[in-house]
Amino acid sequence: SAKDMKHRLGFLLQKSDSCDYSSSQGKKEKISSSQRVSQEEVRKWADSLENLIHHDRGLAAFRAFLKSEYSEENIEFWVSCEDYKKTKSPAKLSPKARKIYDEFISVQATKEVNLDSCTREKTSHNMLEPTLSCFDEAQRKIFTLMEKDSYRRFLKSPYYLDLVSPPGAGCGPENCKRSHTRTLDCNSNIISQCA
């Protein structure tokens, strides 16, 4: 389909120019040690999508990966729902709910998420009297979609693999080590920019 083609082309373009060595080197110095993630923590991200997205750095890495695939609307919707559930003021519920609905669920949504018609209809009905749980079913469906699809691809992507293996691991020639380090630096920068 056209959307699949767009994803593939975007991913190839992203991969070819996102790791520009010179810009990577300049930004490398800005990364502080407090922004680094322990190998143990990174490995936990592979246990479940929940571990990944409940960790700030993991969420940033996953978001950067989805952006490279032009599918970041799913994680943006999930994050918006999490934020919405923390709303304290009843007066703010309706405008916040409307904003999320218009951005992600309505037919003319700018970042429409992939929901079945039944869930979309139920969520639309919930908009008549928004509560803190009005997006729960839609959020659960999108979480499951990400878990079965993009999360699995993320675990096989350089966005994850370069963070989980130490620089130069398994490489023989010097060029391979340099290339691997460049990718790691690039992904660290992507994560720090998205965090």
Side-chain angles (χ1 to χ4, degrees), residues 3-4 6-7 10-11 14 18 35 37 41-90 92-161 163-164 187-188 190-195:
K3 191 171 183 180
D4 289 337
K6 183 174 126 183
H7 287 301
F11 182 74
Q14 177 79 16
S18 68
Q35 292 176 318
V37 185
E41 198 62 48
V42 172
R43 283 188 195 98
K44 285 181 187 174
W45 298 350
D47 293 340
S48 72
L49 176 58
E50 218 158 283
N51 284 356
L52 174 68
I53 60 180
H54 283 99
H55 188 281
D56 288 346
R57 311 305 281 159
L59 177 61
F62 189 52
R63 186 176 280 182
F65 168 73
L66 291 176
K67 196 168 190 164
S68 77
E69 290 198 331
Y70 297 96
S71 62
E72 69 267 28
E73 68 277 354
N74 291 328
I75 196 65
E76 287 181 19
F77 172 69
W78 186 87
V79 168
S80 294
C81 290
E82 287 296 291
D83 180 57
Y84 175 78
K85 288 190 259 187
K86 296 173 189 164
T87 306
K88 301 270 190 260
S89 166
K92 291 183 180 177
L93 278 182
S94 190
K96 268 186 158 183
R98 177 53 56 193
K99 184 175 190 258
I100 291 171
Y101 181 83
D102 290 344
E103 191 172 2
F104 299 103
I105 297 172
S106 79
V107 181
Q108 299 89 15
T110 53
K111 299 175 183 177
E112 186 179 354
V113 290
N114 188 9
L115 292 171
D116 59 272
S117 58
C118 185
T119 306
R120 193 177 301 276
E121 196 173 305
K122 185 175 181 182
T123 307
S124 296
H125 181 72
N126 290 346
M127 293 304 296
L128 300 174
E129 289 182 42
T131 64
L132 288 176
S133 61
C134 69
F135 294 109
D136 284 0
E137 189 175 337
Q139 185 184 20
R140 209 169 19 258
K141 297 264 182 176
I142 293 302
F143 181 89
T144 303
L145 182 73
M146 289 190 297
E147 189 174 44
K148 290 180 177 176
D149 187 33
S150 47
Y151 172 62
R152 291 179 183 176
R153 284 196 311 278
F154 168 76
L155 293 177
K156 295 173 186 172
S157 77
Y159 289 86
Y160 178 72
L161 295 176
L163 291 171
V164 81
N187 285 334
S188 300
I190 290 170
I191 293 169
S192 63
Q193 289 169 0
C194 295

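Since this is a predicted model, take the numbers as computed values, not measurements. No hydrogens, no waters, no symmetry mates; every other heavy atom, side chains included, goes into these values.
- Within the 4.5 Å cutoff, no side-chain heavy atoms of Phe154 are placed close to those of Leu49.
- Using a 4.0 Å cut-off between charged side-chain N and carboxylate O, Asp149 and Arg153 make a salt bridge.
- Within a 6.0 Å radius of CD in Glu121, no more than 12 heavy atoms belonging to other residues, nucleotides or ligands are found.
- Between the side chain of Arg63 and the main chain of Glu72, no donor-acceptor pair closer than 3.5 Å is present.
- Within the 4.5 Å cutoff, side-chain heavy atoms of Glu112 are placed close to those of Arg120.
- For the pair Leu66 and Ser150, the tightest heavy-atom approach, listed with the atom from each and the gap, is CD2-CB, 3.5 Å.
- To the nearest 0.5 Å, atom CE of residue Met146 and atom CG of residue Asn74 are 6.0 Å apart.
- Interatomic distance, CG of Asn126 versus CG of Asp136, reported as 9.0 Å (0.5 Å rounding).
- Ser80 OG to Ile75 CD1: the interatomic distance, rounded to the nearest 0.5 Å, is 10.0 Å.
- Looking at Cys81, Cys134, Ser133 one by one, the single match for side-chain contact (heavy atoms from CB on, under 4.5 Å) with Gln139 turns out to be Cys81.
- Formation of a donor-acceptor pair under 3.5 Å by the Tyr151 side chain with backbone atoms of Ser48 is found in this model.
- Taking the side chain as every heavy atom from C-beta outward, Glu73 and Ile142 never approach each other to under 4.5 Å.
- Looking at Val79 and Leu59, their side chains come closer than 4.5 Å, going by heavy atoms from C-beta outward.
- Using a 4.5 Å cut-off on side-chain heavy atoms (C-beta onward), Leu132 and Leu93 make contact.
- Under the 3.5 Å distance criterion, with hydrogens and angles disregarded, a donor-acceptor pair is assigned to the side chains of Ser124 and Tyr101.
- Every residue two or more places apart in sequence or in another chain that forms a side-chain hydrogen bond (donor to acceptor under 3.5 Å, both in side chains) with Thr119 is listed here: Asp116.
- Ring geometry, Phe143 versus Trp78: the interplanar angle falls from 30° to 60°, so the pair is classed tilted.
- By the neighbour-count criterion of 12 heavy atoms within 6.0 Å, atom NZ of Lys99 is sparsely surrounded, having that number or fewer from other residues, nucleotides or ligands.
- Taken to the nearest 0.5 Å, the CZ atom of Phe77 stands 6.5 Å off from the CZ atom of Phe135.
- For Lys92, there are no side-chain hydrogen bond (donor to acceptor under 3.5 Å, both in side chains) partners at least two apart in sequence or on another chain.
- The NZ atom of Lys86 sits 6.5 Å away from the CD atom of Glu82 when rounded to the nearest 0.5 Å.
- Atom NZ of Lys96 and atom NZ of Lys85 lie 13.0 Å apart (nearest 0.5 Å).
- When all heavy atoms of Pro130 and Tyr84 are compared, the closest pair comes out as CB-OH, 3.6 Å.
- Of all non-hydrogen atoms in Ala138 and Thr123, the two that sit nearest each other are CB-OG1, 3.8 Å.
- For the pair Ser68 and Tyr159, the tightest heavy-atom approach, listed with the atom from each and the gap, is CB-OH, 3.3 Å.
- Classification of Arg140 and Glu137 as a salt-bridged pair fails, no side-chain N sitting under 4.0 Å from a carboxylate O.
- Under the side-chain hydrogen bond (donor to acceptor under 3.5 Å, both in side chains) criterion, Lys44 pairs with no residue at all, not counting sequence neighbours.
- At least one side-chain heavy atom of Trp45 sits less than 4.5 Å from a side-chain heavy atom of Leu163.
- The shortest side-chain heavy-atom distance between Arg98 and Met127 falls under the 4.5 Å cut-off.
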